[in-house]
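Heads up, the thing below is written out as structure tokens.
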Amino acid sequence: ESLYEATRALHASPQLESAMATAVSQARELFDGQVAEIVLFPRAQNDVAFSTRIGPGDDLEVMTPFELDLPPMLRGELIEARRTVLLPRPIPGSLSGGYVAQRDLKDAVMAPLLDGEEVVGVMVVGNRLGDVSTFEVQDQKMLETLAQHVSVSLENGRLEDSLAQLTELKEELRHRAFHDSLTNLPNRTLFTERVAHALTRRERSSQALGVLFLDLDDFKTINDSLGHAAGDQVLRLVADRLRRCLRPSDTVARLGGDEFAILLDDM
């Protein structure tokens with residue numbers, strides 16, 4: 001009955017994010033565990049995995065970037081053999097490293113999520129509540145059944161769309177963190193990183209490099225007399241002119257206000 005309620009709630013969730021949150025919440029309650037987690041593997045080699053996890057307590061993380069480090073024996077069972085794994089308490093030393101240690105699991109049940117023959121993720125319930133009880137074979141069978149329902153939920157198109165949106169959002173947030181919103185030039189943070197990288201490379205190759213600082217004289221007069229919209233337009237035009245003056249390997253950045261900086265690499 002509990003398994004039926006869990007799968008019914010899962011299929012009723014309209015989006016991948018809500019489906020994953022529902023799945024881990026229902027799994028933790030169903031198996032009386034302290035934590036439950038679903039890790040979805042990246043579709044492309046350079047992408048990241050995404051974790052949806054609940055516990056300890058009411059802490060809930062939904063589709064957060066995560067690097068899954070499975071011990072070799074677990075990876076062989078879950079991903080290569082596509083089998084559900086039971087880790088009773090105490091967990092053997094050969095299986096207790098990597099992800100198991102990272103999540104501080106005392107015992108666990110782990111099941112692969114399948115898309116046809118491909119393993120697209122892992123579902124985990126860990127730390128059975130109570131000092132004496134631990135997960136048993138019937139828990140292993142029941143999680144395998146629940147994981148099959150989760151896999152079906154992933155197959156209806158929500159996974160590809162949501163992972164694509166999350167990857168796009170991640171790239172957009174990274175771009176915003178390292179670029180000036182007005183001119184789209186690298187900001188002070190990214191410029192500092194590139195200078196540090198160039199200096200490190202210079203120690204090995206002895207290539208000359210230059211750093212230039214540029215500010216606009218009387219820029220305040222433009223803002224005061226013509227308004228900030230005109231001042232913003234001047235800054236964008238200056239950014240475009242500086243881009244056209246430089247080689248692709250050089251970096252021009254806006255440090256803030258009317259201040260720009262230029263890195264001339266490999267002079």
Side-chain angles (χ1 to χ4, degrees), residues 3 6 10 16 19-21 23-56 59-155 159 163:
L3 183 61
L10 174 66
L16 178 69
M20 294 298 95
V24 294
S25 298
Q26 295 285 349
R28 185 175 72 159
E29 181 178 350
L30 180 62
F31 294 92
D32 198 23
Q34 184 187 45
V35 296
E37 182 171 22
I38 291 175
V39 180
L40 298 178
F41 298 157
R43 288 290 185 173
Q45 186 175 1
N46 295 328
D47 290 343
V48 297
F50 289 98
S51 163
T52 299
R53 179 167 64 106
I54 187 169
D59 294 339
L60 176 64
E61 298 178 356
V62 179
M63 299 297 279
T64 57
F66 179 71
E67 185 173 346
L68 182 64
D69 177 20
L70 289 173
M73 289 184 64
L74 274 182
R75 177 172 290 275
E77 287 291 300
L78 287 166
I79 299 176
E80 296 171 12
R82 300 191 294 275
R83 284 197 288 259
T84 302
V85 176
L86 174 65
L87 299 177
R89 191 179 308 182
I91 298 176
S94 60
L95 300 174
S96 60
Y99 171 81
V100 175
Q102 182 182 3
R103 294 307 196 206
D104 194 24
L105 297 178
K106 305 298 187 295
D107 54 3
V109 191
M110 309 176 74
L113 301 175
L114 302 177
D115 183 2
E117 294 298 314
E118 181 186 3
V119 178
V120 296
V122 174
M123 188 172 191
V124 183
V125 182
N127 295 349
R128 189 69 171 266
L129 295 176
D131 296 330
V132 179
S133 62
T134 187
F135 296 107
E136 299 175 348
V137 174
Q138 60 264 32
D139 299 308
Q140 181 179 358
K141 294 178 179 178
M142 190 152 59
L143 183 65
E144 185 173 354
T145 303
L146 180 59
Q148 290 172 357
H149 286 277
V150 174
S151 298
V152 170
S153 179
L154 297 178
E155 288 175 359
L159 177 62
L163 288 182

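Closest heavy-atom contact between L60 and A21: CD2-CB, 4.3 Å. Between S25 and I54, the shortest heavy-atom contact is OG-CD1, 3.7 Å. When every heavy atom of R82 is checked against every heavy atom of L114, the shortest pair comes out as CD-CD2, 3.5 Å. Across every non-hydrogen atom of R83 and P112, the tightest pair is O-CD, 3.6 Å. Closest non-hydrogen pair, V24 versus A36, comes out as O-CB, 3.3 Å. Annotation for F41 and G121: closest pair CD1-N, 3.7 Å, computed over non-hydrogen atoms.
Enclosure of atom CD in Q102 by more than 12 non-hydrogen atoms of other residues, nucleotides or ligands within 6.0 angstrom is indicated. In this structure, Q140 places its CD atom where more than 12 heavy-atom neighbours from other residues, nucleotides or ligands lie under 6.0 Å away.
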**Request:** Check the pair V39 / E37 against side-chain contact (heavy atoms from CB on, under 4.5 Å), numbers first and verdict last.
**Result:** CA-CA 7 Å; V39 180; E37 182 171 22; 3.8 Å; yes
**Message:** As a quick check of understanding, evaluate side-chain contact (heavy atoms from CB on, under 4.5 Å) for L143 and F31, giving each step before the final call.
**Reply:** CA-CA 8 Å; L143 183 65; F31 294 92; 3.6 Å; yes
**Request:** I would like to know whether L87 and D107 meet side-chain contact (heavy atoms from CB on, under 4.5 Å); could you show each step before the answer?
**Result:** CA-CA 5 Å; L87 299 177; D107 54 3; 5.6 Å; no
**Asked** Going through the checks in order, is the side-chain contact (heavy atoms from CB on, under 4.5 Å) test met by L129 and Q34?
**Response** CA-CA 6 Å; L129 295 176; Q34 184 187 45; 4.0 Å; yes
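Counting heavy atoms from C-beta on, the side chains of F50 and P65 come closer than 4.5 Å. Side-chain contact between R103 and V124 is absent, with no heavy-atom pair separated by less than 4.5 Å. Residues R28 and V35 fail the side-chain proximity criterion, which asks for heavy atoms closer than 4.5 Å. At a threshold of 4.5 Å between non-hydrogen side-chain atoms, the residues L70 and M110 count as touching. V119 has its side chain out of reach of L78: every pair of non-hydrogen atoms, C-beta onward, lies at least 4.5 Å apart. Within the 4.5 Å cutoff, the side chain of Y99 has no heavy atoms near those of the L74 side chain.
Here D139 contributes atom CG and L146 contributes atom CG; the two are 12.0 Å apart, rounded to the nearest 0.5 Å. Between the OG1 atom in T52 and the CE atom in M123 there is a gap of 10.5 Å [rounded to 0.5 Å]. Between the NZ atom in K141 and the CG atom in L86 there is a gap of 11.5 Å [rounded to 0.5 Å].
In terms of modelled atom types and a separation under 3.5 Å, the side chain of N127 and the main chain of K106 share a donor-acceptor contact. Panel note: side chain S51, backbone F66; no donor-acceptor pair is recorded below 3.5 Å. Here the side chain of R53 pairs no donor or acceptor atom with the backbone of V62 at under 3.5 angstrom.
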